[in-house]
Chemist: 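Take this structure first; my questions come after.
All chains are named by letter (A, B, ...) in the order of the sequence lines, taking the proteins before the strands, and each is independently numbered beginning at 1. Predicted model, so just to flag it, every value in this text is computed and none were measured.
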Amino acid sequence: MEPLKGLLSTLWKALTDQPDPKAPFLESIPEDYRSLASAVLSVAPILMVFPLLFALTTVLERKGLGRIQNRLGPNRVGPAGFLQFAADGLKTLTKEDVVPRAADRVVHFLAPIALVIPVLLTFAVLPFGRNLAPIDLDAGLLFFFAVSSATELAVFMAGWASRNKYSLLGALRAVAQMVSYEIPLVLAALSVVMITGTLSLSAIAAAQSPTPGSFLAPWYVFTPWGLMGFLLFMIAACAEANRSPFDLPEGESEIIAGYYLEYSGFKFALFFLGEYLGLFASSGLAITLFLGGWNAPFAFMQGWLPSWVWFFAKLATLIAVFIWIRGTLPRVRMDQLMGLAWKFMIPMTLLTLVAAGLWHRLPSAPLRWVACTALLAGAFLVLGRVLMPRTRHGRRVYRYAD
Amino acid sequence: MTFYLALSVLLFCVGLAGVLARRHAIMALIGIELMLNAANINFIAFWRHSSAADDLSGMFWMIFSVAIAAAEAAVGLALVILVFRHRRSVRLDELESLKG
Amino acid sequence: MEGGFIAMPTDVILWILGGLILISAVMSLALRNLIHCALFLMVCFLGLAGLYLHLNAVFSGLVQALVYVGAVGIILIFAILLTEGGGTETGSHLGSQWRTGIGLAVLLAFALLGAVSNSPQTTQAARHTEEPTVREIGLKLMTDYLLPLQTIGLLLTAAAIGAVVLAMQEPKPRKDETP
Amino acid sequence: MVPRVILGGGIVKGMIETARNFVGSYTDASRLTTVEYPEQRIPLHANARQFPFLVFDGTDPMAGLRCVACQICEKECPPQCIYIIKDSVKKPDYLGKMQMQPKVFDIDLSVCMSCQICVEVCPFDAIKMDTEFELSNDDRFAGLLVNKHQLAKPNSHFARIHPAEAAEVDGRLAAEKAKAEAKARADAEAKAKAAATSPPPAGNPSSSPPPKS
């Protein structure tokens, strides 16, 4: 009875932003099991909340894409189609697991696991609420990037072990894309690190808390370098998660499904899960770095809702934006993808770093606003000009047909 | 401390054996990476057991060594690819001519 | 990080990590399939990262994971695929003098192990049981170690450019230049 | 709006367009281009065609079958999915003439390519194309071989799915029948007249003119 009471108290404390929410439950159980229980308390909510969010996202994404294309979207299973994810889950669970005869069985089996585990680990350092960071690591940001870099290896394992040329091509594309976009991703995040002077994600989120008396919260997205960094970070995160318009590792038209072509049943579901969880983790990191983490947008709203509600509201918004982008943009070509990463994203992120440095050094508010805005807008215009002629199409002329 | 040093020695010798025994150039590079990592274990172990209180030099040596290993891997693998392009082979014992 | 989540004795974790590192290192050099070798090398690097984390060198462990698994491993795999096609090597995968090589390595191992077991250094107790904060590391890196840091930066830039130049496709002779 | 010179201007334009679609699909039902299929159906085109069926007149499918087992369709069918065996028993057609009838008339659904050539070549308007498109079956051998009992459908069905064509065919057949009846009547009348004017008809051998030897 005592542990249950402690658990309820822990839950209540976690949901109402009180400090050290784990304490009541940990005090109610024997000393020897406390570290284990603490770990379970950190991991279990992540394992419950994010797969559920994934399930809901798949349904909402399909409904949203349908609406964008003037269709209704899924509407058969459950009320308004919202139980579609349960049907999909049951289907993937009960499907036959086919492994190609030529495949490298062990690596083929390990690849989906090697994808999902690092992605789940990245959630360990994200602060979901005021006192809700599973591990408050001093080098949290570094941990995030170190762990997420392991997913590239999993993608390669999947593509190579399938012994299918389309899988291998998809895997090589995916790895090249992820390596290329990891640089702007890290550089965009670095600008925030430069300003806050810490790698701890909790400290970064706390640094964006509104000061009493001010109106707007000091989110970094409200500064010129922060806005540019946020946009670049989101583009890079989109490419890291292999989402449209950067989903050419799985381009159906030329390589069928990319690296998970030879996966079926539950392993395919794991890949799908890993991809979406990666998207959530990147979005969560973007929220923490640029969108003020669990802080309310305006100072007077700060106490209105528990902090985690703000976090998940922002997360839902970002996911909606990703779905919106997916419904809008066509897939880019491989050369366009690489050109964007190396010719545009990396110079822009480096300039964002310079702008963040200027922002930090320049004393007066109007001066640094003007200087940073001028620098970034000018760079954007110039780089855009340099890139644009490639994408400018003239009137199409048909020489032989009428 | 003995544990780390022994681990480092064994790792170094595994890497050395790989460099000396394998025919493939990339495997030789893998062996060299292992030897570098054996050195890194030593850096960290000695840092942890060093007497100065705020001395972080072991850690810095390790970080610099990682950076150098990354540079070495990049250049070394580029060389391997270049050799493969010229000779269609990366067997170390088949690369015996000094002329390109 | 201290002692892991489960109250397991530190020694057991160390032995597990050490075994993992050594076995995967041996496997990464003994297997015939180059991709398997590279994957085992990644396991070895991850084991080393775990070891560093266990030794309270969190920053080093994360750098190890980021650089080795995220960067070196990927280049290695690309290089393997660009050269041998990632398949199993044909013919013997061992060089002609492999016995000599392995014998030398074993001899060296014995010599070094003997030296280690007789060393007076090893009796020192661990002093740095607290992990240094990233802030400390950064400050030191930017003050005392500024010159090495910049040298490393220069080296990395040179290596990156050099690798690109080396691996760049040679320009095909233009049509009007061919005789 | 956003000038094209700025990188990303086209993306913003596209995003606005899709947002308009998204909102519009909730507010304006006429934007929705699809229907909820099993419950709602879009009426088929008049010349839609899926799979042939055999037309019969009257109420008894087998008795009213127009097919005379001439096997033209069997010969003309490009993928050769029609299989006909003639029956030894004849039956009267719509004109009352005795005609052959098929003992077996099978069409292999899995082979048929909906080309409508059987319909074009049939001189008796006996085979027509159906618009039924839910043809899936859980038995891939027997279930896909359709026999004449399954193929036989009343003329009213034909009139319902292809009204214009059915009216034309019905009109033609009715005209033929009327012509045939008129001819029969005329023949009968002529015969009757001949019978009236000439000596009593056959049946009375004694009164017939003596055969020439």
Side-chain angles (χ1 to χ4, degrees), chain B residues 1-7 9-27 29-31 33-34 37 40-41 44-51 53-54 56 59-60 62-64 66-75 77-82 84 90 92-93, chain C residues 14 18 21-22 25-26 28-29 34 37 41 48 51-52 55 57 59-60 63-64 67 71-72 75-76 79-80 82-84 89 92-96 98 101-102 104-106 108-109 112-113 116-117 121-122 124 126-128 132 136-137 140-141 145 148 152 155-156 159-160 162-163 166-167:
Chain B
M1 184 78 184
T2 319
F3 175 86
Y4 307 121
L5 291 183
L7 182 66
V9 163
L10 288 175
L11 194 60
F12 184 86
C13 291
V14 168
L16 182 69
V19 172
L20 292 177
R22 291 294 294 250
R23 291 171 76 199
H24 201 284
I26 290 176
M27 296 310 294
L29 277 175
I30 289 181
E33 292 291 338
L34 283 179
N37 271 289
N40 288 350
I41 297 182
I44 293 295
F46 276 108
W47 161 74
R48 196 169 143 90
H49 294 259
S50 74
S51 44
D54 63 336
L56 295 177
M59 201 176 256
F60 287 130
M62 182 266 171
I63 290 167
F64 291 147
V66 166
I68 289 170
E72 172 254 319
V75 176
L77 290 169
L79 279 173
V80 168
I81 291 171
L82 198 64
F84 180 76
V90 280
L92 290 175
D93 46 4
Chain C
L14 273 184
I21 291 167
L22 277 182
V26 170
S28 75
L29 289 167
L34 292 176
C37 292
L41 188 70
L48 282 167
L51 187 73
Y52 299 155
L55 292 179
F59 191 78
S60 304
V63 165
Q64 167 93 8
V67 174
V72 174
I75 316 175
L76 205 62
I80 291 172
L82 283 176
T83 53
E84 293 279 298
E89 276 183 78
S92 167
H93 61 301
L94 295 172
S96 50
W98 65 275
I102 290 179
L104 267 176
V106 171
L108 184 68
L112 285 176
L113 281 179
V116 165
S117 61
Q121 283 279 327
T122 56
Q124 273 184 7
R127 295 270 167 78
H128 286 245
E136 276 176 55
I137 296 176
K140 264 233 182 304
L141 211 53
Y145 291 85
I152 285 287
L155 174 81
L156 279 176
L166 278 178

Chemist: If you round to the nearest 0.5 Å, how far is CG of C:Leu22 from CG of B:Leu11?
Modeler: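 So the gap between those two atoms works out to 6.0 Å.
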Chemist: With a 4.5 angstrom heavy-atom cut-off, which part of C:Ala109 approaches chain B: side chain, backbone, both or neither?
Modeler: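 For C:Ala109, backbone and side chain are both near chain B.
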Chemist: So, do B:Phe84 and B:Ile26 sit near enough that their side-chain heavy atoms are less than 4.5 Å apart?
Modeler: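 B:Phe84 does not reach B:Ile26 side chain to side chain.
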Chemist: Please classify the contact between C:Leu41 and chain B as side chain, backbone, both or neither, with a heavy-atom cut-off of under 4.5 Å.
Modeler: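 When you check distances to chain B, only side chain atoms of C:Leu41 fall under 4.5 Å.
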Chemist: Chain C: which of B:Asn40, B:Ile68, B:Leu16, B:Leu29 shares the most heavy-atom pairs with it under 4.5 Å?
Modeler: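 Sorted descending by pairs with chain C, the first entry is B:Asn40.
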Chemist: Against chain C, label B:Leu34 side chain, backbone, both or neither, depending on which of its atoms sit under 4.5 Å from a heavy atom there.
Modeler: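 When you check distances to chain C, only side chain atoms of B:Leu34 fall under 4.5 Å.
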Chemist: Do C:Cys37 and C:Leu29 make a side-chain contact, defined as non-hydrogen atoms from C-beta onward lying under 4.5 Å apart?
Modeler: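 No; the side chains remain at least 4.5 Å from each other.
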Chemist: Between chain B and each of C:Leu51, C:Leu113, C:Leu104, count heavy-atom pairs under 4.5 Å; write down the option with the most.
Modeler: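 Option with the greatest count: C:Leu113.
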Chemist: Using a cut-off of under 4.5 Å for heavy-atom pairs, which of C:Leu48, C:Val63, C:Val106 has the most such pairs with chain B?
Modeler: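 Most heavy-atom pairs within the cutoff with chain B belong to C:Leu48.
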Chemist: Name the option with the most non-hydrogen atom pairs under 4.5 Å to chain B; the candidates are C:Leu112, C:Ile152, C:Val72.
Modeler: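 Maximum pair count with chain B is reached by C:Ile152.
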Chemist: Which region of B:Ile63, side chain (C-beta onward) or backbone (N, CA, C, O), has a non-hydrogen atom less than 4.5 Å from a non-hydrogen atom of chain C, or is it both or neither?
Modeler: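 For B:Ile63, the contact with chain C is made by the side chain alone.
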Chemist: Between C:Ala25, C:Gly162, C:Ala160, which residue shows the highest count of heavy-atom pairs closer than 4.5 Å to chain B?
Modeler: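 Highest number of heavy-atom pairs under 4.5 Å: C:Ala25.
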Chemist: Among B:Val75, B:Asn37, B:Ile30, B:Ile41, which residue forms the greatest number of heavy-atom pairs with chain C at distances under 4.5 Å?
Modeler: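 Option with the greatest count: B:Asn37.
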Chemist: Does B:Met62 reach the side chain of C:Tyr52, with side-chain heavy atoms less than 4.5 Å apart?
Modeler: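 A side-chain contact under 4.5 Å exists here.
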Chemist: If I compare all heavy atoms of B:Trp47 with all of C:Leu55, which pair ends up nearest, and what's the gap?
Modeler: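 Heavy-atom minimum between the residues: CZ3-O, 3.7 Å.
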Chemist: Contact between B:Glu33 and B:Glu72 at the side-chain level, heavy atoms closer than 4.5 Å - yes or no?
Modeler: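 Result yes, sub-4.5 Å side-chain heavy-atom pair found.
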Chemist: Looking only at heavy atoms, what is the nearest atom pair of C:Ala163 and B:Ala74, with distance?
Modeler: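 Taking C:Ala163 first and B:Ala74 second, the nearest heavy atoms are CB-O, 3.8 Å.
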Chemist: Evaluate the side-chain proximity of B:Ile44 to B:Tyr4: yes if any heavy-atom separation is below 4.5 Å, no if none is.
Modeler: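 A side-chain contact under 4.5 Å is absent here.
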Chemist: Is B:Phe3 close to chain C through its backbone or its side chain, or both, or neither, when contacts mean heavy atoms under 4.5 Å?
Modeler: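 Only the side chain of B:Phe3 comes within 4.5 Å of chain C.
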Chemist: Is there side-chain contact between B:Val19 and B:Met27, with heavy atoms separated by less than 4.5 Å?
Modeler: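 Result no, sub-4.5 Å side-chain heavy-atom pair not found.
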Chemist: Chain B: which of C:Leu155, C:Val26, C:Ile21, C:Leu76 shares the most heavy-atom pairs with it under 4.5 Å?
Modeler: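 If we count pairs closer than 4.5 Å to chain B, C:Leu76 comes out on top.
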Chemist: For the interface with chain C, which of B:Gly18, B:Cys13, B:Ala45 has the highest count of heavy-atom pairs at distances below 4.5 Å?
Modeler: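 Top option by heavy-atom pairs under 4.5 Å: B:Cys13.
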